[in-house]
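Structure record follows, encoded as structure tokens.
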Amino acid sequence: MRRILHMDMDAFFAAVEQKRRPELAGKPVIVGGAGDPTRRGVVSTASYEARKYGIHSAMPLRTAYKLCPEGVFLAVDYTEYSRVSGIVKNVLREFSPVMEDMGIDEAFLDISDSPRSSENIGMDIKQRIRQATGLTCSVGIAPNKLLAKIASDMQKPDGLTIIVESDIATRIWPLPVRKLSGVGPKTGARLTAMGIITIGELALQPLESLISEFGHSYGSYLHEASQGIDERPLITFWEPRSLSRETTFERDVSDWQVLARTLVELVKEVVADLGERGYGSRTVTVKIRFDDFKTHTRSLTLDAPANTEDVIRRAAFECMKRVAFTKKVRLIGVRLSGLDKI
Ligand code: TTP
Ligand code: MG
């Protein structure tokens with residue numbers, strides 16, 4: 001029997017901010033955009049205190065401000081969150097070499113081969129992460145990735161949830177279908193229209209009817225997922241094909257100095273990502289979207305993969321020079337591709 005652990009940090013960006021600024025502990029903290037709720041931008045995440053006001057990820061900052069004007073609004077600081085993320089992933093790697101990195105604040109770990117109990121490993125990981133970062137996470141342990149991810153979400157924040165096969169009927173089937181990975185708002189709505197609200201109700205559907213409604217591949221997936229079946233292996237090595245950063249201006253910009261400064265900032269962030277993953281990039285692309293939404297990209301391929309800010313900034317400016325700035329700019333972005341370990 002496999003034992004897969006899923007770890008997800010609690011209110012990650014907000015928790016990092018509260019940790020480095022202790023005076024924010026216990027306060028409604030909202031991280032998003034430039035941290036100014038009177039300007040364009042969305043909430044990246046909100047502390048649990050702020051969530052009580054109905055604030056959630058992807059909500060416009062302005063809406064969040066209306067819900068909680070006394071909230072502390074902060075700018076996104078990817079450099080710091082990536083640094084903390086790296087520490088967390090290193091702790092996880094100490095427990096098993098088989099890890100699938102799922103993004104800035106989550107990962108799967110295969111602990112099948114450990115002689116220790118699941119509970120013991122789960123508690124130990126949570127304690128080690130807390131020691132190393134001062135932050136809490138939620139952990140789920142189950143026979144596969146699908147169930148482990150559901151489990152980590154069941155007792156957030158600071159949760160540890162262990163699901164075994166015999167729990168599927170009692171603890172998984174009562175949950176709404178949207179808890180299954182791969183079931184988004186569209187499928188959720190279609191299932192609701194068919195009278196299927198819970199995972200258990202989905203499990204009762206004959207395979208043929210799901211296939212006729214959703215096609216062979218997705219219909220079969222839904223059928224298996226509802227039974228708690230998921231054979232997917234962990235993908236332990238993920239080669240990013242490109243890394244990018246872009247920003248939409250609050251007001252459309254015609255000042256070249258502002259564009260240049262923004263480009264320098266974006267290069268700095270994307271180069272930090274690159275260095276952290278141990279990659280160099282051969283191709284630098286700059287994207288400019290004008291106020292009429294026409295979008296131009298210019299690329300430059302280097303002789304050898306580069307990972308220094310200096311080289312990449314120069315390449316990005318070369319690209320910029322080849323765009324005719326006849327209109328105001330709405331968005332500017334930088335992408336690094338042709339990535340290689342260096
Ligand atoms: P999540 O793990 O989805 O959220 P979270 O860690 O803030 O809160 P939870 O305790 O519910 O896990 O996402 C991790 C980080 O990714 C989050 O802190 C900020 C970022 N993020 C965005 O920038 N935009 C989004 O829409 C979401 C969902 C997350
Ligand atoms: Mg999280």
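For reference, positions follow the sequence shown, starting with 1. These numbers come from the heavy atoms of this one structure, side chains and all, not from hydrogens, waters or symmetry mates.
Checked by atom type and distance alone, the side chain of R298 pairs as donor or acceptor with a backbone atom of R322 at under 3.5 Å. Between the K126 side chain and the T136 main chain, no donor and acceptor come within less than 3.5 Å of each other. Remark: the backbone N or O of D8 is paired with a side-chain donor or acceptor of K156 at under 3.5 angstrom. A side-chain donor-acceptor contact under 3.5 Å links S47 to the backbone of K27. The backbone N or O of K268 lies less than 3.5 Å from no partner atom in the side chain of R245, so there is not a single donor-acceptor pair. Looking at W173, its side chain never comes within 3.5 Å of a backbone N or O of L202 through a donor-acceptor pair. Looking at S138, its side chain does come within 3.5 Å of a backbone N or O of G159 through a donor-acceptor pair. Listed for the E201 side chain is a donor-acceptor partner under 3.5 Å among the backbone atoms of I197. Of the possible donor and acceptor atoms, one in the side chain of D230 sits under 3.5 Å from a partner among the backbone N and O of L146. A donor-acceptor pair under 3.5 Å links the side-chain atoms of E100 to the main chain of I235, judged by distance alone.
The closest side-chain heavy-atom distance from P69 to Y53 is not below 4.5 Å. With contacts defined as side-chain heavy-atom distances shorter than 4.5 Å, the pair Q18/R21 does not qualify. At a threshold of 4.5 Å between non-hydrogen side-chain atoms, the residues E49 and V29 do not count as touching. Taking 4.5 Å as the limit, every side-chain heavy atom of S152 sits out of range of all side-chain heavy atoms of M7. Between I150 and I163, the closest side-chain pair of non-hydrogen atoms is not below 4.5 Å. Looking only at side-chain heavy atoms (C-beta outward), L135 and D10 stay at 4.5 Å or farther from each other. Looking at I288 and F325, their side chains come closer than 4.5 Å, going by heavy atoms from C-beta outward. By the 4.5 Å heavy-atom criterion applied to side chains, T198 and P174 are not counted as neighbours.
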Next on the checklist: For T133 and R83: C-alpha separation, side-chain torsions, deciding distance, then whether side-chain hydrogen bond (donor to acceptor under 3.5 Å, both in side chains) applies.
Outcome noted: CA-CA 10 Å; T133 64; R83 187 185 70 79; over 6 Å; no
Item to check | Worked check of side-chain contact (heavy atoms from CB on, under 4.5 Å) between R20 and V84 | outcome: CA-CA 11 Å; R20 70 171 159 176; V84 177; over 6 Å; no
Item to check | Full working for side-chain hydrogen bond (donor to acceptor under 3.5 Å, both in side chains) between E106 and H6 | outcome: CA-CA 7 Å; E106 58 174 313; H6 181 254; 2.7 Å; yes
Checklist entry - Yes or no on side-chain contact (heavy atoms from CB on, under 4.5 Å) for C137 and V88, after CA distance, side-chain angles and deciding distance? => result CA-CA 10 Å; C137 65; V88 170; over 6 Å; no
Next on the checklist: Is there a side-chain contact (heavy atoms from CB on, under 4.5 Å) between L243 and S281? Walk through the geometry before answering.
Outcome noted: CA-CA 9 Å; L243 292 169; S281 158; over 6 Å; no
Item to check | Test side-chain contact (heavy atoms from CB on, under 4.5 Å) applied to D124 and F95, step by step | outcome: CA-CA 9 Å; D124 201 4; F95 285 80; 3.6 Å; yes
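Note: the hydrophobic cluster containing V264 also contains V286 (ILVMFWY, side chain heavy atoms under 4.5 Å, direct or indirect links). Grouping the Ile, Leu, Val, Met, Phe, Trp and Tyr side chains by contacts below 4.5 angstrom, directly or via other members, places V31 apart from V42. Clustering ILVMFWY residues whenever any of their side-chain heavy atoms sit less than 4.5 angstrom apart, transitively, puts V271 in the very cluster that holds L300. Side-chain heavy atoms closer than 4.5 Å link hydrophobic residues (I, L, V, M, F, W, Y) into clusters, and following such links, even through other members, never connects L61 to Y81. Linking Ile, Leu, Val, Met, Phe, Trp and Tyr residues whenever their side-chain heavy atoms come within less than 4.5 Å places V76 and V72 in a single cluster.
Between F214 and Y218, the angle of the ring planes goes over 60°, which puts this pair in the perpendicular group of the 30/60° scheme.
Sparse packing is recorded around CZ of R335, with 12 or fewer heavy atoms of other residues, nucleotides or ligands lying under 6.0 Å away. The 12-atom threshold is not exceeded at CD of E165, counting heavy atoms of other residues, nucleotides or ligands nearer than 6.0 Å. Under a cut-off of 6.0 angstrom, the local environment of NZ in K19 is sparse, with at most 12 non-hydrogen atoms contributed by other residues, nucleotides or ligands. Within a 6.0 Å radius of CD in E231, other residues, nucleotides and ligands contribute 12 heavy atoms or fewer. Counting non-hydrogen atoms of neighbouring residues, nucleotides and ligands closer than 6.0 angstrom, the NZ atom of K328 reaches no more than 12 such neighbours. Counting heavy atoms of neighbouring residues, nucleotides and ligands inside a 6.0 Å radius, atom CG of D113 does not exceed 12 of them. Atom OH of Y65 sits in a sparse spot, with 12 or fewer heavy atoms from other residues, nucleotides or ligands closer than 6.0 Å. Remark: E119 CD is loosely packed, at most 12 non-hydrogen atoms of other residues, nucleotides or ligands lying under 6.0 Å away.
The line from CE of M154 to CD1 of I172 is 5.0 Å long, rounded to the nearest 0.5 Å. Note that the OG1 atom of T187 and the CG atom of L222 stand 6.5 Å from one another [nearest 0.5 Å]. Taken from CG in L92 to CG in L5, the straight-line distance is 7.5 Å, to the nearest 0.5 Å. Atom CG of D153 and atom OG1 of T161 lie 9.0 Å apart (nearest 0.5 Å). Interatomic distance, CD1 of I125 versus CD1 of I111, reported as 6.5 Å (0.5 Å rounding). The distance from atom CD1 of I196 to atom OG of S209, rounded to the nearest 0.5 Å, is 6.5 Å.
Of all heavy-atom pairs spanning R190 and E213, the tightest one is NH2-O, 2.7 Å. The two residues A14 and T45 have their closest heavy-atom pair at N-CG2, 3.5 Å. Shown here for D158 and R130, the closest heavy-atom pair between the two residues is OD2-NH2, 3.4 Å. The heavy-atom pair separating D340 from P305 by the smallest distance is CB-CG, 4.3 Å. The heavy-atom pair separating F290 from R330 by the smallest distance is O-CB, 3.8 Å. Across S85 and I104, no two heavy atoms sit closer than the pair OG-O, 2.6 Å.
Side-chain contact check for T308 and D310: no donor-acceptor pair (N or O, by modelled atom type) lies under 3.5 Å.
R289 has no carboxylate O lying under 4.0 Å from a charged side-chain N of E246, or vice versa, which leaves the two without a salt bridge. Ion pairing between R277 and D101 fails under the 4.0 Å rule for side-chain N and carboxylate O.
Not counting sequence neighbours, the partners of T38 by the side chain to side chain donor-acceptor pair (under 3.5 Å) test are D36.
A cation-pi arrangement is absent between R232 and F108 under the rule of less than 6.0 angstrom and at most 45 degrees off the ring axis. A cation-pi arrangement is not found for R251 relative to F249, the charged atom failing to lie both closer than 6.0 Å to the ring centre and inside a 45° cone about the ring normal.
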